[in-house]
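Working notes, structure below.
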Amino acid sequence: MRVKVEVRDESAWRKVLTIEVAPEELKQDYDAALEDYRRKAVIPGFRKGKVPRTMLESQFGHSLEHDVLERAVRRTYQEAVKEKGLEPVEFPAIDKISYEKGKPLSYEAAVDIRPVVTARDYDGLVFESEDSAVPDTEIDRALEELRQRAASWEMVERDATDIDAVVVDYVRLNAKGKPVHKTEQVDALIELGAQGLLPEFKANLQGRKAGDAVRFEVAYPADFGNEELRGKSAAFSVQVKEVRERRVRELNDEFAGDVAGLRDLAELRARVRLNLEGEARMRLQRDQEEALVTQLLERNPLELPQSMIAGYLEEVSQRLKGEGEEWSEEQQAQFLAEYRPHAERRLKRDLLLDAIVRAEGVTIPEEEVDETLRGASEGSLPPPEMERLIRNAAQRERARVHLAERKVFALLREKAKVKMALATPDV
């Protein structure tokens with residue numbers, strides 16, 4: 001590349017690249033820009049795509065030169081960064097552009113780079129070892145929660161109490177007492193003891209029985225989810241069709257078969273214990289790894305470029321928007337301010353773990369990446385989609401990073417000192 005690159009340090013991570021591009025190096029950018037103009041230009045007397053070079057240069061000289069410089073700067077900056085082994089964390093600030101036809105192009109590009117970190121003193125970290133056994137009381141509690149979730153609503157011939165549910169048809173009424181279009185609900189199940197049920201519904205439906213009809217006013221709170229009704233009052237016409245009673249089944253062999261598809265209650269209890277112990281081990285592992293990270297950060301204090309933190313927060317914000325989060329500017333600013341300490345910790349954590357990967361020569365064979373991606377998608381994707389996933393470069397890189405982290409934490413555990421936690425009584 002006929003490009004000269006000099007790098008000046010403004011801080012530990014702020015670099016200023018002075019880049020000079022020889023005139024002959026600009027030819028490829030000039031030709032590419034000219035070809036774009038040729039494809040798009042519409043000039044009377046010439047077919048599209050057939051306008052002569054001299055005509056294009058005469059017609060679009062100034063804008064053509066601007067596009068050439070833009071292309072050249074973008075291309076040579078990328079090549080310069082790669083040549084110098086830099087990892088930018090933001091778009092560069094381009095300054096001091098100097099160019100005359102037939103002479104070299106020169107400019108400066110100021111950019112923050114990913115900090116180069118050397119992890120130190122990561123031998124002899126401490127983590128607590130705990131028993132991941134789950135006490136019987138937790139098994140009992142989980143089984144009771146399963147019973148409650150499996151409860152059914154059975155129809156009864158009596159008035160509704162405050163712990164029952166009613167099946168109703170209802171419609172909102174306008175000021176003249178006429179139904180409002182598209183507000184009808186048919187066979188709606190309303191639990192009278194449900195948290196969040198508007199008090200007017202509970203007060204007017206409790207004590208009702210199948211066949212009753214009732215009209216009442218509802219005053220909606222100022223923070224109600226539906227903007228159309230927020231802070232307003234509305235009338236409803238309700239027809240009660242059924243009263244239902246919540247029935248919780250007995251915890252026995254039949255329950256285990258019907259709800260979980262297992263042989264008997266003993267097998268259900270054993271399955272619940274196995275699941276809870278697996279969750280306990282995962283929680284313990286996460287807690288231990290967080291403790292190791294905390295000690296790593298204490299032993300390796302780091303400063304980060306503000307642009308790196310801002311870029312991470314912007315990624316989080318865009319991801320949440322993509323998942324359907326709808327925030328006002330004020331809510332988003334508040335979230336990002338509160339999330340910022342976590343973002344900083346996460347970035348420092350990743351830098352240190354990556355430094356240990358390099359220091360310890362941790363490698364991830366391609367077959368491990370294949371196996372991980374296949375295992376993660378097995379049974380959920382048809383074979384053609386699974387193969388596309390396995391070949392996807394971004395997916396492979398994410399899997400590689402994950403596997404490298406697993407190996408680093410295993411290494412840190414081997415080098416760590418284990419502290420036995422005091423047993424807590426089963427209460």
Side-chain angles (χ1 to χ4, degrees), residues 145-249 258-260 313-339 379-382 385:
E145 288 175 0
L146 184 59
R147 271 185 79 218
Q148 296 300 328
R149 289 199 303 272
S152 59
W153 292 100
E154 303 293 337
M155 189 173 68
V156 291
E157 299 291 340
R158 58 171 174 78
D159 295 349
T161 70
D162 62 352
I163 59 172
D164 290 329
V166 290
V167 177
V168 301
D169 294 344
Y170 70 84
V171 65
R172 185 151 46 95
L173 305 175
N174 61 22
K176 296 181 179 180
K178 301 296 184 182
V180 177
H181 185 52
K182 291 187 177 180
T183 64
E184 304 91 344
Q185 291 290 331
V186 177
D187 292 337
L189 180 73
I190 299 177
E191 296 181 37
L192 300 182
Q195 190 175 14
L197 179 66
L198 293 170
E200 292 90 343
F201 274 90
K202 183 171 184 176
N204 285 280
L205 295 176
Q206 185 177 330
R208 302 290 177 180
K209 63 181 182 299
D212 286 353
V214 59
R215 290 191 177 196
F216 54 87
E217 290 270 338
V218 174
Y220 286 90
D223 59 352
F224 190 66
N226 186 333
E227 190 174 351
E228 182 185 353
L229 298 171
R230 192 177 299 157
K232 298 177 182 177
S233 292
F236 284 86
S237 173
V238 182
Q239 179 72 41
V240 180
K241 300 171 78 172
E242 294 178 9
V243 175
R244 293 189 182 182
E245 177 182 84
R246 191 170 184 272
R247 292 179 183 170
V248 181
R249 295 179 58 176
D258 292 346
V259 174
L313 291 172
E314 178 62 22
E315 285 181 18
V316 172
S317 178
Q318 291 302 319
R319 185 171 68 248
L320 291 174
K321 286 179 181 177
E323 293 171 357
E325 289 285 352
E326 294 184 7
W327 290 338
S328 65
E329 288 186 11
E330 183 180 351
Q331 288 172 320
Q332 182 170 347
Q334 181 181 355
F335 167 79
L336 293 178
E338 292 175 357
Y339 189 74
S380 62
L381 292 176
E385 287 188 30

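Keep in mind that what you see is a predicted model, and the values were worked out from it rather than measured.
In terms of modelled atom types and a separation under 3.5 Å, the side chain of R244 and the main chain of E191 share no donor-acceptor contact. Formation of a donor-acceptor pair under 3.5 Å by the R230 side chain with backbone atoms of Y220 is not found in this model. Here the side chain of Q239 pairs a donor or acceptor atom with the backbone of G211 at under 3.5 angstrom. At distances below 3.5 Å, at least one donor-acceptor pair connects side-chain atoms of E200 with backbone N or O atoms of A219. Proximity of a side-chain donor or acceptor of R215 to a complementary backbone N or O of S237 within less than 3.5 Å is not detected. Q331 contributes a side-chain N or O that, together with a main-chain N or O of S328, makes up a donor-acceptor pair within less than 3.5 Å.
Screening residues 172-199 for ring-ring contact (aromatic ring centres under 6.0 Å, His included) gives no qualifying pairs among residues at least two apart or on separate chains.
Looking at every heavy atom in both residues, V238 comes nearest to Y170 through CG2-CB, 3.8 Å. Counting all heavy atoms, side chain and backbone alike, D187 lies closest to D169 at N-OD1, 2.8 Å. Nearest heavy-atom pair across A210 and V243 is N-CG2, 4.1 Å. When all heavy atoms are compared, the tightest approach of V167 to L189 is CG2-CD1, 3.8 Å.
No more than 12 heavy-atom neighbours from other residues, nucleotides or ligands sit within 6.0 angstrom of CD1 on I163. More than 12 heavy atoms of other residues, nucleotides or ligands sit less than 6.0 Å from atom CD of Q318. Remark: E323 CD is packed, more than 12 non-hydrogen atoms of other residues, nucleotides or ligands lying under 6.0 Å away.
Between L192 atom CG and R246 atom CZ the span is 13.5 Å, to the nearest 0.5 Å. In this structure, the separation between CZ on R208 and CG on D164 is 14.5 Å, given to the nearest 0.5 Å. Atoms CG and CZ, on N204 and F236 in that order, are 11.5 Å from each other to the nearest 0.5 Å. Expressed to the nearest 0.5 Å, how far CG of N226 lies from NZ of K232 amounts to 9.0 Å. Rounding to the nearest 0.5 Å places CZ of R249 at 13.5 Å from CD of Q148.
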* **side-chain contact (heavy atoms from CB on, under 4.5 Å) evaluation trace for R247 with V156** => CA-CA 11 Å; R247 292 179 183 170; V156 291; 3.6 Å; yes

* **Stepwise side-chain contact (heavy atoms from CB on, under 4.5 Å) test for L320 and F335** => CA-CA 11 Å; L320 291 174; F335 167 79; 3.6 Å; yes

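Residues Q334 and E330 bring no donor and acceptor atom of their side chains to less than 3.5 Å of each other. No donor-acceptor contact under 3.5 angstrom links the side chains of R172 and Q185, judged on distance only.
Salt-bridge check for R158 with E245: passed, with a basic side-chain N closer than 4.0 Å to an acidic carboxylate O.
Residue L205 forms a side-chain contact (heavy atoms from CB on, under 4.5 Å) with just one option from D212, D162, V166, and that option is V166.
Judged as a ring pair (Phe, Tyr, Trp, His ring centres under 6.0 Å), and not counting sequence neighbours, the contacts of F216 are F201.
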